[in-house]
Amino acid sequence: VSASEPFDVVTGAFSYSGSAIARRLLADGQRVRTLTNHPERAPADSPIEAVPLDFTDADALARSLEGASTLYNTYWIRFARGAVTHESATSNSAQLFTAAARAGVGRIVHLSITNPSAASPYAYYRGKALAEEALANSGVSHAILRPAILFGGNGILVNNIAYFMRRLPVMGYGGRGEYRVRGVHVDDLAELCVAKAAETDNTTTDAVGPERPTFKELLRAIKTSTGSRAVIVPVPAIAFPVLTGAIGALMRDVLLTREEFEAMADGLADVEGPATAPIGLTSWVADNAAQLGREYLHEVRLHF
Ligand SMILES: NC(=O)c1ccc[n+]([C@@H]2O[C@H](COP(=O)([O-])OP(=O)(O)OC[C@H]3O[C@@H](n4cnc5c(N)ncnc54)[C@H](OP(=O)(O)O)[C@@H]3O)[C@@H](O)[C@H]2O)c1
């Protein structure tokens with residue numbers, strides 16, 4: 001990417017939502033630079049310029065954003081591990097926005113989450129609220145998109161539920177399983193991101209598809225679509241994170257943290273209100289069952 005040609009910056013263009021956004025931009029003929037922890041994951045023929053996502057050098061971070069029309073920010077962490085916490089992710093996000101302001105970036109499209117709150121009992125949701133605040137304070141023109149759960153492409157959650165349902169005789173849900181999940185397809189999210197980049201107002205929008213099945217309904221949809229014979233059973237809410245923790249440990253991974261389960265059971269993965277994206281979660285499951293859950297997708301190996 002030469003400084004004189006217009007380009008956009010996407011964080012994590014070799015990971016999940018960032019790769020969908022980058023694909024969408026490249027299809028439009030846009031030049032793309034990515035800030036990433038994994039420049040070595042660039043496919044051999046990738047036209048994307050990869051620059052390290054380094055929060056320890058504020059000047060280099062600002063330089064890496066100089067000349068960019070839009071910064072698409074997907075950077076966040078799913079769960080804390082060692083020194084990497086939601087607090088550090090929040091301050092890193094703030095640092096990224098400051099760097100973008102210094103670099104004169106025209107617009108930031110930022111991925112948040114449904115129902116963020118500075119008063120939330122959950123560090124993820126608190127951090128997301130504070131990151132949104134830092135973005136508003138940066139002075140850069142911006143659009144915030146709030147998905148609840150992403151699916152499609154290399155999405156981990158739905159795939160790994162299908163993986164276990166294909167192999168295990170039973171599949172559990174925590175508590176009553178009546179809490180809803182409002183999914184958005186990763187390509188629909190990318191489309192929304194690009195549309196929001198073209199606007200100029202500061203906006204906040206839930207990025208959500210048309211369906212909001214309960215978790216139990218989602219399991220039933222995956223079971224029917226994949227031909228799984230697993231019996232779907234309730235697990236007491238208190239025991240569910242222990243169970244997912246134990247299976248995660250067996251897989252040397254993190255399946256679903258206690259906080260992720262509790263936030264979902266509290267209804268935070270759902271919003272009312274109109275769909276802003278077309279593809280529905282269970283209809284996508286039905287259409288893509290043949291590939292779903294054939295392989296396990298390993299979160300920890302991807303990011304730690
Ligand atoms: N996935 C979902 O279901 C979901 C639901 C609601 C909201 N969101 C939000 O949507 C955004 C994108 O999510 P995603 O699932 O598409 O994420 P992702 O692609 O897995 O990661 C997004 C970015 O964060 C970086 N990152 C992830 N884990 C990290 C870690 N442990 N340490 C340092 N950097 C890390 C990645 O860096 P590298 O690519 O360089 O490794 C990448 O730049 C996030 O803001 C997330 O909060 C996601």
Side-chain angles (χ1 to χ4, degrees), residues 9-23 33-42 48 50-56 61 64 71-93 95-97 108-116 122-132 135 144-161 181-190 192-193 205-209 218 253-254 256-257 259-260 263-264 268-271 277 281 297-304:
V9 171
V10 181
T11 58
F14 310 128
S15 285
Y16 186 36
S17 56
S19 69
I21 296 167
R23 247 192 333 273
R33 172 184 292 170
T34 187
L35 303 185
T36 177
N37 304 302
H38 298 288
E40 77 290 352
R41 287 188 187 156
I48 299 172
V51 174
L53 177 61
D54 180 3
F55 295 107
T56 62
L61 193 61
S64 68
L71 164 64
Y72 294 89
N73 177 37
T74 68
Y75 165 76
W76 195 245
I77 61 156
R78 234 188 84 196
F79 44 80
R81 198 175 158 95
V84 180
T85 62
H86 287 114
E87 287 72 22
S88 67
T90 305
S91 62
N92 286 343
S93 303
Q95 212 187 324
L96 185 62
F97 304 144
I108 298 177
V109 175
H110 170 68
L111 294 189
S112 186
I113 192 145
T114 48
N115 304 301
Y122 308 114
Y124 189 119
Y125 289 78
R126 280 199 305 277
K128 282 293 199 183
L130 297 175
E132 287 191 3
L135 176 56
I144 295 169
L145 286 167
R146 293 174 169 172
I149 283 175
L150 307 188
F151 63 88
N154 282 334
I156 283 183
L157 180 74
V158 178
N159 180 79
N160 287 354
I161 293 174
V181 285
R182 185 105 190 234
V184 63
H185 193 284
V186 68
D187 292 338
D188 284 349
L189 178 66
L192 266 175
C193 285
T205 310
D206 288 328
V208 289
L218 174 61
D253 197 13
V254 176
L256 189 75
T257 66
E259 173 167 312
E260 286 174 323
M264 184 167 67
L268 299 188
D270 182 38
V271 282
L281 176 51
L297 296 176
H298 205 283
E299 167 81 23
V300 168
R301 255 179 237 150
L302 280 178
H303 286 309
F304 290 95

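Note that the numbering runs from 1 along the sequence shown for the chain. Atoms within a ligand are numbered from 1 in the order they appear, just like the ligands themselves.
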Practice task
Tell me, with the steps shown, if V158 and L281 meet side chain to side chain contact (heavy atoms under 4.5 Å, CB included).
Solution key: CA-CA 9 Å; V158 178; L281 176 51; 4.1 Å; yes
[atom]: nearest protein contact (heavy atom, Å):
| atom | answer |
| --- | --- |
| atom 14 (P) of ligand 1 | S17 OG, 3.7 Å |
| atom 5 (C) of ligand 1 | A148 O, 3.1 Å |
| atom 31 (N) of ligand 1 | F304 CZ, 3.2 Å |
| atom 20 (O) of ligand 1 | H303 NE2, 2.6 Å |
| atom 4 (C) of ligand 1 | L150 CG, 3.7 Å |
| atom 47 (O) of ligand 1 | Y124 OH, 2.6 Å |
| atom 33 (C) of ligand 1 | N37 ND2, 3.5 Å |
| atom 41 (O) of ligand 1 | H38 CD2, 2.8 Å |

Practice task
Take K128 and R146 through the test side chain to side chain contact (heavy atoms under 4.5 Å, CB included) and record every step on the way to the result.
Solution key: CA-CA 10 Å; K128 282 293 199 183; R146 293 174 169 172; over 6 Å; no
Handout entry: ligand 1 contacted by F14 (non-hydrogen, < 4.0 Å)
Key = no
Would [X] count as being in polar contact with ligand 1, using the rule that some N or O on each side must be under 3.5 angstrom apart?
| X | answer |
| --- | --- |
| T36 | yes |
| I77 | no |
| T74 | yes |
| P147 | no |

Which ligand 1 atoms are under 4.0 Å away from a heavy-atom of [X]?
| X | result |
| --- | --- |
| S15 | 19 (O), 38 (P), 39 (O), 41 (O) |
| W76 | 24 (O), 25 (C), 26 (N), 27 (C), 28 (N), 29 (C), 35 (C), 44 (C), 45 (O), 47 (O) |
| T11 | 43 (O) |
| Y16 | 15 (O), 16 (O), 19 (O) |
| I149 | 3 (O), 5 (C) |
| G12 | 39 (O), 42 (C), 43 (O) |

Exercise for the section: Give the minimum heavy-atom separation between R33 and S64, together with the two atoms involved. Expected result: NH1-O, 2.7 Å
Practice task
Give a yes or no answer on whether the side chain of D270 reaches the backbone of R182 with a donor-acceptor pair at less than 3.5 Å.
Solution key: no
Handout entry: E132 side chain to I144 backbone, donor-acceptor under 3.5 Å
Key = no
Practice task
Please assess R23 against D187 for the test side chain to side chain contact (heavy atoms under 4.5 Å, CB included), listing each intermediate value before the final yes or no.
Solution key: CA-CA 9 Å; R23 247 192 333 273; D187 292 338; 3.3 Å; yes
Fill in the blank from the handout: Given the options T205, I113, V184, L145 meets side-chain contact (heavy atoms from CB on, under 4.5 Å) only with T205
Handout entry: atom 17 (O) of ligand 1: any protein heavy atom closer than 4.0 Å
Key = no
Problem - More than 12 heavy atoms from other groups under 6.0 Å of CG on N154 - result: no
Problem - Test side chain to side chain donor-acceptor pair (under 3.5 Å) applied to Y75 and N37, T11, N92, the passing residue - result: N92
Handout entry: Parallel, tilted or perpendicular, as decided by the 30° and 60° cut-offs, for the rings of F79 and F304
Key = parallel
Practice task
Decide side chain to side chain contact (heavy atoms under 4.5 Å, CB included) for V109 and I21; before the verdict, give the C-alpha distance in whole Å, the side-chain angles of both, and the deciding distance to 0.1 Å.
Solution key: CA-CA 11 Å; V109 175; I21 296 167; over 6 Å; no
Completion exercise
Going by the 4.0 angstrom heavy-atom rule, the piece of R78 near ligand 1 is neither
Practice task
With heavy atoms only and a cut-off of under 4.0 Å, state how S112 meets ligand 1: side chain, backbone, both or neither.
Solution key: backbone
Practice task
Mind checking the OG1-CZ spacing from T34 to F14? Nearest 0.5 Å is all I need.
Solution key: 5.5 Å
